[in-house]
Amino acid sequence: MTTSSTAPIKPAPLTAPVPSAVHDSGADTAPCAIVVASCTTFGSTLVVHLAGEIDHYSAIPLRTLLASAADGGCTGLVLDTSQVTFCDSGFLAVLDWWPRRGRRLRLANRSRAVQHLMDTACPAGRRTAHADASKATATS
């Protein structure tokens, strides 16, 4: 028995065709961007002026810069954050990393965004207790 057909043999599509996606333009999907406006050393202290937005991804170049400075012998860090418009836990992770091994950190000219993050991450009671513990350790 022979059957014949004139229809071409084509495999069925493995997935249904995906309609083109329409993106809502109401949300900002652009990645954050941090700019190192200037970077200077005074002795063993690194002074960095930051501008822009700091999140987990944009903090990577800043973390690399600070790691290089630490490897180069910098023990002090002053971050001028007056031009930072947004920051989140990615910035906190960088700040948490620097003081290890006795390095000093100072945030100068805190922008509203940085001050808000600091207030949220470290409430006033904890800051006072931390400062008192630091003083006690320094005088012992």
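- When the side chain to side chain donor-acceptor pair (under 3.5 Å) test is applied to Ser58, the partners found at least two apart in sequence or on another chain are Asp55.
- Rounding to the nearest 0.5 angstrom, the gap separating the CG atom in Asn109 from the CG atom in Leu50 is 11.5 Å.
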Stepwise, does the side-chain contact (heavy atoms from CB on, under 4.5 Å) test hold for Val48 with Leu65?
CA-CA 10 Å; Val48 180; Leu65 171 73; 4.3 Å; yes

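- A distance of 10.5 Å separates CD of Gln83 from CD1 of Ile34, quoted to the nearest 0.5 Å.
- Under a 3.5 Å cut-off, the side chain of Ser44 and the backbone N or O of Cys74 do not form any donor-acceptor pair.
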Please tabulate, for side-chain N and O atoms in residues 90-101, each donor-acceptor pair with protein atoms closer than 3.5 Å (sequence neighbours left out).
{"from": "Asp96", "atom 1": "OD2", "to": "Arg100", "atom 2": "NH2", "distance (Å)": "3.2"}
{"from": "Trp98", "atom 1": "NE1", "to": "Arg104", "atom 2": "O", "distance (Å)": "2.8"}

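- Within the model, atoms CG of Leu107 and CG of Asp80 stand 9.5 Å from one another, a figure rounded to the nearest 0.5 Å.
- The distance from atom CG of Leu117 to atom OG of Ser89, rounded to the nearest 0.5 Å, is 8.0 Å.
- Summarising the hydrophobic clusters (Ile, Leu, Val, Met, Phe, Trp, Tyr; side-chain heavy atoms under 4.5 Å, direct or chained), the residues clustered with Val78 are Phe42, Val47.
- If you take CZ on Arg110 and CE on Met118, they are separated by 6.5 Å, rounding to the nearest 0.5 Å.
- Judged by distance alone, the side chain of Ser111 and the main-chain N or O of Val84 form a donor-acceptor pair under 3.5 Å.
- In this structure, the separation between CG on Leu62 and SG on Cys39 is 9.5 Å, given to the nearest 0.5 Å.
- Side-chain N or O atoms of Thr120 include one that pairs as donor or acceptor with a backbone N or O of His116 at under 3.5 Å.
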